Amino acid sequence: MKYFRSRQYPIEFVLSEGINKDFSSHNHANHYVLSFCATGNATAILEGSPLLLKENDFFIVPPFMPHAVKLSDTSILVSLCLGKSFLAGYSPQKGIEILEASLLSPNLQQQVTNFQARLLLQAIPQIYEFHLTCKRELESDMAALCDCLTNNLTDSIPLDQLASKLYINKYYLIRKCKKYLGLTPHKFHLQNRVRKAQDLLGKNKSIIEASVSTGFYDQSHFNKSFKNIVGISPREYLAATQIL
């Protein structure tokens with residue numbers, strides 16, 4: 001896997017190739033993701049429905065939508081991760097200009113053909129339209145849960161405490177969270193802590209700093225959780241990350 005990050009904008013390109021891996025059900029709290037199959041084929045599962053991707057097919061995932069991806073060692077999947085703040089801060093025209101400049105980065109041009117870059121840019125207005133007209137509405141208790149678990153990333157939060165805060169039964173909370181987010185509250189919170197650690201690593205924090213800042217005081221637990229969610233270890237992630 002390779003990662004291409006922008007220092008100036010909340011933009012990241014992820015290249016997944018040569019890996020035979022199933023990324024189980026997960027979501028992204030603060031990003032829209034546009035993924036396209038550059039080579040071979042792959043399978044995406046969006047809210048329980050399978051979607052077979054052939055070369056140059058793509059799909060868009062809004063924040064909080066549960067999805068899974070299955071890759072073979074012959075498939076190449078390129079994913080663009082756009083922060084919600086990017087869509088809020090730049091018009092579609094300006095956003096396309098910024099992304100087009102990013103795609104001209106020499107290290108990324110080696111991975112994405114000109115034809116695929118044009119296809120990706122043509123899909124950007126759809127993300128803006130989706131952001132403006134098709135926002136995923138969460139019920140009030142799920143919105144409160146997401147707010148709690150995305151704004152408290154320094155430590156684990158007991159399930160009983162969450163249920164008490166939302167005034168609902170903890171077992172009902174687990175079922176409802178899995179229905180709306182594709183994950184249990186614990187796994188959703190763990191995912192967000194790892195994503196925050198991933199962001200910190202991208203901002204030149206050390207592995208120890210990133211793990212402690214997100215409440216992982218056991219390095220082995222941090223490494224295992226990071227690899228399970230990101231697909232590679234923290235050290236491999238640092239080695240695989242390039243700046244646009």
Side-chain angles (χ1 to χ4, degrees), residues 1-6 11-83 99-100 102-124 126-127 130 181-183 187 191 194-195 198-199 201-202 223-244:
M1 297 182 70
K2 297 179 181 178
Y3 295 81
F4 305 87
R5 296 175 62 96
S6 169
I11 297 170
E12 182 178 63
F13 290 90
V14 183
L15 179 72
S16 304
E17 65 174 334
I19 56 173
N20 192 343
K21 181 173 176 59
D22 292 356
F23 290 92
S24 58
S25 183
H26 63 285
N27 58 60
H28 303 271
N30 296 306
H31 292 82
Y32 284 81
V33 178
L34 187 160
S35 294
F36 73 89
C37 188
T39 301
N41 55 66
T43 300
I45 301 174
L46 308 178
E47 294 189 308
S49 300
L51 176 67
L52 179 62
L53 301 168
K54 303 183 297 297
E55 188 169 320
N56 297 326
D57 287 343
F58 71 88
F59 62 94
I60 297 171
V61 179
F64 299 119
M65 176 183 280
H67 61 285
V69 179
K70 296 182 179 181
L71 299 173
S72 70
D73 53 11
T74 60
S75 57
I76 298 178
L77 194 73
V78 178
S79 298
L80 165 63
C81 302
L82 275 180
L99 289 166
E100 186 172 22
S102 298
L103 286 165
L104 292 175
S105 179
N107 51 9
L108 192 55
Q109 278 195 313
Q110 296 175 17
Q111 312 296 335
V112 180
T113 67
N114 290 334
F115 175 72
Q116 291 167 342
R118 290 197 301 272
L119 285 179
L120 188 150
L121 292 173
Q122 289 172 8
I124 299 305
Q126 296 183 45
I127 297 181
F130 202 54
L181 302 177
L183 299 166
K187 288 185 177 180
Q191 168 196 268
V194 167
R195 296 295 184 196
Q198 185 180 357
D199 183 61
L201 291 175
N223 291 339
K224 181 179 179 180
S225 299
F226 193 100
K227 187 170 185 177
N228 183 52
I229 292 169
V230 179
I232 54 180
S233 71
R235 194 171 301 280
E236 289 171 329
Y237 175 75
L238 286 175
T241 300
Q242 301 180 44
I243 301 300
L244 292 172

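Every heavy atom of this structure was used, including side-chain atoms; hydrogens, water molecules and symmetry mates were not. Computed from a predicted model, the values in this text were never measured in an experiment.
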Any heavy-atom pair between the side chains of Leu201 and Pro234 that's under 4.5 Å? yes
Ile243 and Asn107: which non-hydrogen atoms are nearest, and at how many Å? O-ND2, 3.3 Å
How far does CD1 of Ile76 sit from CG of Asn41, to the nearest 0.5 angstrom? 12.0 Å
Interatomic spacing from CZ in Arg118 to CG in Leu121 - rounded to 0.5 Å: 9.5 Å
Return yes if some donor-acceptor pair links the side-chain N/O of Gln116 with the main-chain N/O of Ala38 below 3.5 Å, else return no. yes
Is the closest side-chain heavy-atom distance between Val194 and Asn228 below 4.5 Å? no
side-chain contact (heavy atoms from CB on, under 4.5 Å) with His31: which of Pro62, Pro63, Ser79, Cys81? Cys81
Testing the basics here: between Ala117 and Val112, what is the closest heavy-atom pair and its distance to 0.1 Å? N-CG1, 3.7 Å
Side chain to side chain contact (heavy atoms under 4.5 Å, CB included) evaluation trace for Gln126 with Ile60: CA-CA 9 Å; Gln126 296 183 45; Ile60 297 171; 4.1 Å; yes
Hey, could you give me the CG/CZ distance between Leu53 and Phe36, rounded to the nearest 0.5 Å? 11.5 Å
Which atoms form the tightest heavy-atom contact between Arg5 and Gly202, and what is the distance? NE-CA, 3.6 Å
Given the rule in the side chain to side chain contact (heavy atoms under 4.5 Å, CB included) test, do Phe13 and Leu103 qualify, once you have shown the distances and angles that lead to the verdict? CA-CA 9 Å; Phe13 290 90; Leu103 286 165; 3.8 Å; yes
Assess the residue pair Arg195 and Val230 against the criterion (side chain to side chain contact (heavy atoms under 4.5 Å, CB included)); give the C-alpha distance rounded to whole Å, side-chain angles, the decisive distance to 0.1 Å, and a yes or no. CA-CA 8 Å; Arg195 296 295 184 196; Val230 179; 4.2 Å; yes
OG1 of Thr241 to CD1 of Ile232: how many Å apart, nearest 0.5 Å? 6.5 Å
Looking at residues at least two apart in the chain, or sitting in another chain, which of them share a salt bridge (charged side-chain N to carboxylate O under 4.0 Å, His left out) with Asp57? Lys54
Can you tell me how the ring of Tyr237 sits relative to the ring of Tyr3, calling it parallel under 30°, perpendicular over 60° and tilted otherwise? perpendicular
Closest non-hydrogen contact found for Ser6 with Leu244 is N-CD1, 4.2 Å
Which value, rounded to the nearest 0.5 Å, describes the distance between Ile11 atom CD1 and Leu82 atom CG? 6.0 Å
So, do Phe59 and Leu46 sit near enough that their side-chain heavy atoms are less than 4.5 Å apart? yes
Expected output: side-chain His67 to main-chain His26 donor-acceptor under 3.5 Å: yes
What's the shortest heavy-atom distance between Leu108 and Ser102, and which atoms? CD2-O, 3.8 Å
One should read off an interatomic distance between Glu55 CD and Thr39 OG1, to the nearest 0.5 angstrom, of 5.5 Å
A side-chain contact here means heavy atoms from C-beta on lying under 4.5 Å apart; do Val33 and Val14 qualify? no
Does any non-hydrogen side-chain atom of Ile45 lie less than 4.5 Å from one of Lys70? yes
Specify the closest pair of heavy atoms between Ser24 and Ala68, including all atoms of both residues, with the distance to one decimal. C-CB, 3.9 Å
Please check if the side chain of Ser25 supplies one atom and the backbone of Gly182 the other of a donor-acceptor pair under 3.5 Å. yes
Do Glu12 and Gln198 pass the side chain to side chain contact (heavy atoms under 4.5 Å, CB included) test, and can you show the C-alpha distance, the side-chain angles, and the key distance before you say yes or no? CA-CA 12 Å; Glu12 182 178 63; Gln198 185 180 357; 4.1 Å; yes
